[in-house]
Amino acid sequence: MLDIRLIRDTPDQVKQRLANRNGDFASLVDEVQAIDTQRRAAETERQKLQGDRNRISKEIGIAKKNGQDTSAIEAEVRVIGSRIEEIGREADVADARQRDLLLSIPNLPHEACPVGSTAEENPEVRVWGTKPDYDFQPKDHTVLGAALGMLDFEAGAKISGSAFVVYRAAGAKLERALISFLLDLHTTQHGYEEISPPLLVKAECLVGTGQLPKFGDQVYHSAADDLYLIPTAEVPVTNLHRDEILPLERLPVNYAAYTPCFRREAGSAGLGTRGLIRMHQFDKVELVKITTPETSMAELESLTANAEKVLQLLGLHYRVIELCTGDIGFGSAKTYDIEVWAPGQGTYLEVSSCSTFGDYQARRMNLRYKDENGKNRIPHTLNGSGTALARLFVALVETYQQADGTILIPEALRGHFGAAKIG
RNA sequence: GGUGAGGUGGCUGAGUGGUCGAAAGCACAUCUUUGCUAAAGAUGCGUAGCCUUAACAGCUACCGAGGGUUCGAAUCCCUCCCUCACCGCCA
């Protein structure tokens with residue numbers, strides 16, 4: 001969430017920067033300011049009255065010790081007490097309202113984030129490789145998957161409904177090989193610590209990373225236990241340090257985690273899309289960093305580079321685009337998307353989204369660190385997919401398909417997969 | 001799931017209704033002294049909010065969480081959570 005002081009001191013600048021986003025947040029900013037004024041007035045009065053009560057109660061204690069009658073003065077305190085209750089209720093209501101409002105205001109786009117309103121205005125940052133040529137018509141991964149017995153969408157639908165899939169045989173093994181390939185790369189080459197977190201988390205975690213309260217309809221929820229299925233490993237992994245004060249030596253924190261991700265995709269365009277492109281459950285290796293504010297921008301570049309390395313090693317053509325202010329996520333200050341080329345689709349697929357959240361998430365989850373002067377400061381959090389598996393699977397299978405219907409396994413993956421081709 | 005014990009500041013640990021935000025020790029920081037790879041002493045040392053300021057200071061809240069009793073709660077009552085031990089069950 002945003003710093004209330006920033007809103008208090010420079011509301012117009014805050015509004016101006018939010019105006020570059022999609023949606024109208026100016027009225028929320030006004031409302032927060034109004035509530036903040038109310039809250040502080042009530043808070044000040046409450047504290048003054050509490051001070052009075054503390055002082056007088058102390059006097060009562062002393063008087064009683066001296067055997068004096070205190071009934072009159074006790075009655076006086078009782079009046080103060082009921083006033084404290086009254087004004088305290090006001091203060092609490094205002095406080096809760098202020099927090100709600102702050103939680104529903106998105107992050108300020110970073111100055112370095114290009115201004116724009118739609119995805120069409122996202123600048124392309126760089127391109128790696130070229131679109132491969134085929135002397136045959138490249139097939140879609142669903143066709144290849146069915147022919148090679150790797151993907152079974154009917155079984156997925158039968159067991160769980162639409163947008164679920166069953167990987168089988170070489171498909172299941174390829175998925176598993178990709179997961180360990182990604183984890184090994186990031187842990188041994190890029191310095192990340194491997195994390196295997198719970199897949200069910202408490203509501204506080206989702207508030208911390210920003211999915212709640214606004215996007216509650218997108219996550220699966222177990223009502224009986226009030227636990228949520230994670231939509232991304234970002235949630236449990238970033239929240240590992242919720243409510244903590246990290247020593248400076250601990251930074252930067254670098255975590256890599258493989259988890260399945262669960263998303264309801266309610267009202268989402270493309271949910272009916274054929275194949276693996278948009279599923280309710282998919283695998284992903286996520287990279288998470290916690291850094292000092294000074295280094296977060298540089299860390300965003302290295303995080304993105306770490307994710308790109310995956311595609312380079314696999315020999316997959318991709319491009320990196322930068323999201324404009326109208327297209328970045330709720331909590332993000334700046335985001336790069338990595339899109340891999342899928343020949344069977346004839347389009348680029350987003351396989352990674354690398355963002356810095358500035359101090360937005362850290363503030364929500366009360367995460368701090370001690371700086372060199374021993375002062376508590378708010379660190380920056382970053383995350384990026386390294387990468388999403390289902391779409392990587394699509395790009396890989398479609399890119400390396402051969403005229404005879406077999407699929408070549410790229411050199412870098414053969415050790416993990418244990419064979420040079422499928423079919 | 002059952003029974004028992006317990007949750008106090010970075011750690012250990014005292015504190016069962018009234019100058020307790022909390023003794024003491026450890027750790028840490030600064031200073032002093034003796035001196036040498038250590039010792040002694042002094043001082044400081046939680047978090048957040050409010051109000052203010054050039055700065056200091058002041059006030060309020062926080063002793064697992066939330067309620068309650070009371071003029072006053074770390075301390076009494078209720079609910080919940082967590083940890084540990086043993087038992088049961090179990091991948």
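Proteins come first, then strands; the chains are lettered A, B, ... in the order of their sequence lines, and each starts at number 1. We use all heavy atoms of the structure for the numbers below, so side chains are in, but hydrogens, waters and symmetry mates are not.
Remark: P of B/C50 and CG of A/Asp36 are 7 Å apart, rounded to the nearest angstrom. For the pair A/Gln47 CD and B/U52 C1', the interatomic distance rounds to 13 Å; values are reported in whole Å. Summarising the geometry, the separation between CD on A/Glu244 and P on B/G10 is reported as 12 Å, rounded to the nearest angstrom. Look at CD on A/Gln98: it is 13 Å from C1' on B/C50, rounded to the nearest Å. At whole-Å resolution of the value, CG in A/Asn54 and C1' in B/G21 are 12 Å apart. As a whole-Å value, the separation of A/Asp95 CG from B/C62 P is 15 Å. In this structure, A/Lys58 places its NZ atom 13 Å from P of B/G18, rounding to the nearest Å. Here B/U60 presents its C1' atom at 13 Å from NZ of A/Lys48, a figure rounded to the nearest Å.
Using cut-offs of 30° and 60° for the angle between ring planes, the A/His190 and A/His186 rings count as tilted. Ring planes of A/His221 and A/Tyr228: parallel class, angle under 30° (limits at 30 and 60°). Classified by interplanar angle (parallel below 30°, tilted 30° to 60°, perpendicular above 60°), the ring pair A/Phe181/A/His416 is perpendicular.
If you check B/G4 for Watson-Crick or wobble pairing at under 3.5 angstrom, you find it paired to B/C84. Base-pair partner of B/C36: not found among the strands shown (Watson-Crick or G-U wobble, both distances under 3.5 Å). B/A48 is paired with B/U60 under the Watson-Crick or G-U wobble criterion, all donor-acceptor distances under 3.5 Å. Across all strands shown, B/U43 pairs with B/A29; the Watson-Crick or G-U wobble distances both stay below 3.5 Å. With a cut-off of 3.5 Å on both pairing distances, B/U75 has no Watson-Crick or G-U wobble partner at all. Remark: B/U53 base-pairs with no nucleotide in the shown strands. Criterion, Watson-Crick or G-U wobble with two distances under 3.5 Å. Using the Watson-Crick or G-U wobble rule with both distances under 3.5 Å, B/U19 pairs with nothing in any strand shown.
Comparing the P positions of B/G1 and B/G13 gives a spacing of 29 Å, expressed to the nearest Å. Here, B/U52 and B/A57 have their C1' atoms 9 Å apart, quoted to the whole Å. Nucleotides B/G46 and B/C11 place their C1' atoms 13 Å apart, quoted to the nearest Å. Of the C1' atoms belonging to B/A74 and B/C63, the separation is 5 Å, rounded to the nearest Å. Using P as the reference atom, B/C59 and B/G21 are 11 Å apart when rounded to the nearest Å. Atom C1' of B/G9 sits at a distance of 13 Å from the matching atom of B/A27, rounded to the whole Å. Nucleotides B/C86 and B/U8, compared at atom C1', are 27 Å apart to the nearest Å. For the C1' atom pair drawn from B/G18 and B/A54, the interatomic distance equals 40 Å after rounding to whole Å.
Within 4.0 Å (heavy atoms only), A/Arg53 reaches sugar-phosphate atoms of the nucleic acid but no base atom. If you check every strand for non-hydrogen atoms under 4.0 Å, A/Arg55 touches nothing. Within the nucleic acid shown, A/Arg8 comes within 4.0 Å of sugar-phosphate atoms alone, with no base atom in reach, counting heavy atoms only. Within 4.0 Å of A/Lys370, counting heavy atoms only, lie sugar-phosphate atoms of the nucleic acid but no base atom.
When the nucleotides B/U47, B/U60, B/C50 are ranked by their closest atom to the side chain of A/Arg368, B/U47 comes out on top. Side-chain proximity of A/Ile245 to B/U47, B/G49, B/C71: nearest is B/U47.
Aromatic rings from A/Phe153 and A/Phe164 are positioned such that their centres are separated by 6.0 Å or more.
Mapping A/Ile4 and A/Ile73 onto RNA chain B by nearest heavy atom places A/Ile4 closer to the 5' end of the strand. Of the two residues contacting RNA chain B, namely A/Ile62 and A/Asp52, the nearest-nucleotide position lying further toward the 5' end is that of A/Ile62.
Not a single donor-acceptor pair, N or O on each side, falls under 3.5 Å between the base of B/G72 and the side chain of A/Glu74.
In summary, A/Arg8 and A/Asp36 engage in a salt bridge, as defined by a charged side-chain N under 4.0 Å from a carboxylate O. We find that A/Arg363 and A/Asp359 are joined by a salt bridge, their nearest charged nitrogen and carboxylate oxygen being less than 4.0 Å apart.
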For this session: I would like to know whether A/Phe215 and A/Phe330 meet ring-ring contact (aromatic ring centres under 6.0 Å, His included); could you show each step before the answer?
Result: CA-CA 10 Å; A/Phe215 307 104; A/Phe330 184 76; 5.3 Å; yes
